[in-house]
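In what follows, a single structure is set out as structure tokens and then discussed.
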Amino acid sequence: MNEHTSQPGPRFRFAPSPTGFFHVGGARTALMNWALARRLGGTFVLRIEDTDEARNRPEWTEGIIDALAWIGISDSDEHFEGPHFQSANADAHVAAATRLYESGAAYYCDLSGQEVQDRAKELGITGYDGYSRDRGLEPAPGRVLRFRVPEGSTVVNDLVRGEVSFDNATIEDFVLLRGNGAPMFLLANVVDDIEMSISHVVRAEEHLPNTPKQQMLWNALGHAPPAWAHVPVLVNEQRKKLSKRRDKVALEQYRDEGFLADAMVNYLMTLGWTPPGAEEAGTEIATWAAMEADFALEDVNLSPAFFDVKKLTAFNKQYIKNMDPAEYLAAASAELPEDWDRDRFAAIAPHIQERLETLKDVPGTVDFLFWPQGDGAEPIEYDEAAWEKATKPEWSAALLADVIGAYGSVAPWDHETLKATMEDVMARYEIKLGKAQALPRVAVTGRAVGPPLFEALEVLGRDETLRRLTAAADRSTG
RNA sequence: GCCCCCAUCGUCUAGUGGCCUAGGACACCACCCUUUCAAGGUGGCGGCACGGGUUCGAAUCCCGUUGGGGGUGCCA
């Protein structure tokens, strides 16, 4: 991994806190930062915000790197820098706080959280009232360091939202250092950004209310603030911010459920943004190269976007359909149980490629080819509804018997001949192929739907096909 | 409560004062094709939250209302 890169361009950053899983919303902001860093010849800095010691483990960081790699953000890319760890920079955070205190930009307060609340209630206000502003308290255990919010207003210049103005009177003197001396997120975040020469902070909108505070910190620490950009949050059907508790938000989970990284990346990028040319192309499917070349913060939509698994699934289906045959075969084969014959699967694989929504659908679509075969095998479990429907026509039993007869000697055993033979048989009943194939299909696969029948029979082989057909004939008459 | 953000089909969006009778994608429906299911083709359903302005002209600009969201921690 690159501890340091020397890209001349702007410096972006992605600063997740290790929580054990990778949020799809995080993936989206990471992708946007990545697209910009690469196109602008800049750097994507990964910083792990691990200051919350109570909950975070080393393997979480590994998980983040893996997740990023999965969506194409590789730590061996020349535009990638890190990971840096916030915890490693604790001294700098405290040093910055000390400077703020010494310059008078911050002051100590001995009120406990409870006391602050009680005062607020008494005064009929919310938050902290600046009680210790001019009490000249010295640092001491149990005392928190608070930022002295100046008079006036703070204007945040946001690349996606324009100017956003905050009246400083509505911002309380927030805590920089806890009573135990540990730095707070707001401070650590800013100090790290300054140290890492971050020029662009692109993150989710939930951080917008923090921004005036951070901007004041940048200024108080003697630096011009970075370019800010707050992209809308991702929401669920109830239009609430995606949350770990209620919603499926772990990127890893989608990966494990058979979603392709490219599909996920493409879909995530279309949330709040449309690849230029999508309309003319008649599709929002676009390559990463194209999106990287076209993505612009100024074009990002301002409203929260619903993370729609249905649309993600549609994208995934398209991506599977468009996969290179060899690549597809490898990926699909990986979903099979160990003991399933790979050559046999390879024969049917092309026929199910455009029928899959996710790679996880593979086994369930072709399982009938791998069921126990021969005389001693367990009887097939039929889908009863499918069986009922297929055996309902009065000609069904006769047709099945005829098919068994014809298939007993047909040659060669390939899908074209099998189809032609079926057509000969069905002509006697004046029905169409769609109807004629129904019972044989249920007889062989147990279900009403599946891969193209004759191709499947070709793979199954004459003996087993006949055996299943005969078993079905016995069942329907007996 | 207070602060901030937002508001185009069910969903994601295009649209930056006339090219808008508002376009595309996903979903849904119908038909065609068809070896079931898919895929593909054709068509359909469906939207500028509301009210005031500004303007010759408003989805686009302004104000208000309503609605939604985010934040409001000695969490990040």
Side-chain angles (χ1 to χ4, degrees), chain A residues 15-19 49-52 54-55 86 109 111-113 116-117 124-128 142-146 156 158 161 164-167 169-172 174-182 184-186 188-189 204-212 230 232-233 235 237-241 267 270-274 276 278-285 299 301-308 310-315 317-318 321 351-357 365 386 390 415 418-419 422-423 432-438 440-442 445 447-456:
Chain A
S17 48
T19 56
E49 308 239 321
D50 57 349
T51 46
D52 189 357
R55 41 160 201 195
Q86 186 156 74
C109 175
L111 254 36
S112 68
V116 168
Q117 270 186 39
I125 61 168
T126 53
Y128 180 71
R143 291 179 181 176
V144 300
L145 182 68
R146 286 180 180 273
V156 171
D158 192 289
R161 280 154 214 285
V164 182
S165 177
F166 297 83
D167 181 350
T170 65
I171 302 173
E172 67 174 31
F174 53 95
V175 175
L176 261 21
L177 251 32
R178 297 182 176 87
N180 65 5
M184 293 285 287
F185 156 76
L186 243 24
N189 194 259
E205 188 189 354
E206 63 205 79
H207 290 289
L208 186 54
N210 285 152
T211 310
H230 292 87
V233 294
V235 299
E237 295 109 308
Q238 284 79 238
R239 303 244 114 219
K240 300 283 188 206
K241 187 172 72 163
Y267 177 63
T270 66
L271 256 21
W273 179 73
T274 311
E279 188 164 340
E280 301 81 84
T283 178
E284 290 169 329
I285 303 292
D299 297 333
N301 202 72
L302 303 169
S303 310
F306 170 45
F307 184 83
D308 187 357
K310 265 181 143 176
K311 190 158 182 177
L312 201 213
T313 302
F315 270 55
K317 192 166 192 173
Q318 281 293 315
K321 178 171 168 268
H351 302 293
I352 64 168
Q353 185 167 1
E354 66 184 19
R355 284 159 230 266
L356 302 169
E357 290 191 333
T365 305
H415 67 272
L418 291 170
K419 183 185 177 193
M422 172 72 81
E423 284 168 338
K432 294 196 172 176
L433 234 202
K435 290 197 167 188
Q437 58 91 50
R441 174 182 293 282
V442 176
T445 70
R447 295 183 289 260
V449 302
L453 184 63
F454 306 110
E455 285 77 353

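All chains are named by letter (A, B, ...) in the order of the sequence lines, taking the proteins before the strands, and each is independently numbered beginning at 1.
Rounded to whole Å, the C1' atom of B:C31 lies 36 Å from the corresponding atom of B:A49. Annotation: B:A30 and B:C37 have their P atoms spaced 13 Å apart (nearest Å). Spacing between B:A25 and B:U42 at atom P, rounded to whole Å, works out to 10 Å. Atom P of B:U34 sits at a distance of 23 Å from the matching atom of B:C28, rounded to the whole Å. The gap from the P atom of B:G46 to that of B:G40 amounts to 25 Å, rounded to the nearest Å. Of the P atoms belonging to B:G68 and B:C62, the separation is 23 Å, rounded to the nearest Å. Here the separation of B:U21 from B:A38, taken at their C1' atoms, is 36 Å to the nearest Å. B:G47 sits 15 Å from B:G24 when the P atoms are compared, rounded to a whole Å.
To the nearest angstrom, C1' of B:U72 lies 15 Å from CZ of A:Phe185.
Set against B:G70, B:U35, B:A14, the side chain of A:Thr274 has B:A14 as its closest nucleotide. Distance from the side chain of A:Thr170 is smallest for B:C3 among the nucleotides B:G70, B:C74, B:C3. Of the candidate nucleotides B:U11, B:G1, B:U36, B:G1 has the atom lying nearest to any side-chain atom of A:Thr126. Counting only heavy atoms from C-beta on, A:Lys321 has its side chain closest to B:G40 among B:C75, B:G70, B:G40.
Backbone-only engagement by A:Gly272 is indicated by non-hydrogen atom pairs under 4.0 Å involving sugar-phosphate atoms exclusively. Among the atoms of the strands shown, base atoms are found under 4.0 Å from some heavy atom of A:Asn210. As judged by a 4.0 angstrom heavy-atom cut-off over every strand, A:Val175 is placed among residues touching the sugar-phosphate backbone only. Looking at heavy-atom distances under 4.0 Å, A:Glu237 makes no contact with the nucleic acid at all. Heavy atoms of A:Pro16 sit nowhere under 4.0 angstrom from any nucleic acid atom. Across all strands shown, A:His230 has no heavy atoms under 4.0 Å from either base or sugar-phosphate atoms. Among the heavy atoms of the strands lying under 4.0 Å from A:Phe454 is at least one base atom, whether or not backbone atoms are also near.
Interface remark: the A:Asp50 side chain does not form any donor-acceptor pair with the B:A76 base, using a distance-only criterion of under 3.5 Å.
The NE2 atom of A:His207 sits 10.0 Å away from the CG atom of A:Leu186 when rounded to the nearest 0.5 Å. To the nearest 0.5 angstrom, A:Lys321 atom NZ is 10.0 Å from A:Ile285 atom CD1. Residue A:Leu145 holds its CG atom at 10.0 Å from CZ of A:Phe174, rounded to the nearest 0.5 Å. Expressed to the nearest 0.5 Å, how far CG of A:Asn301 lies from OG1 of A:Thr274 amounts to 8.0 Å.
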Short heteroatom pairs, N/O only, protein and nucleotides 5-9 of chain B, under 3.5 Å:
| residue | atom | partner | partner atom | Å |
| --- | --- | --- | --- | --- |
| B:C5 | O2' | A:Arg161 | NH1 | 2.5 |
| B:C5 | O2' | A:Glu205 | OE2 | 3.0 |
| B:C6 | O2' | A:Ser303 | OG | 2.8 |

For nucleotides 26-34 of chain B, give me every protein contact, N/O to N/O, under 3.5 Å, one pair per line with atom names.
| residue | atom | partner | partner atom | Å |
| --- | --- | --- | --- | --- |
| B:A27 | O2' | A:Lys310 | NZ | 3.3 |

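The phosphate of B:C12 has OP1 or OP2 within less than 4.0 Å of a side-chain N or O from A:Arg239. Within the 4.0 Å cut-off from OP1 or OP2 of B:C37, not a single side-chain nitrogen or oxygen of A:Arg441 is found. Phosphate contact (OP1/OP2 of B:G69, side-chain N/O of A:Lys240, threshold under 4.0 Å): present.
Look at B:C26: its Watson-Crick or wobble partner, with both distances under 3.5 angstrom, is B:G10.
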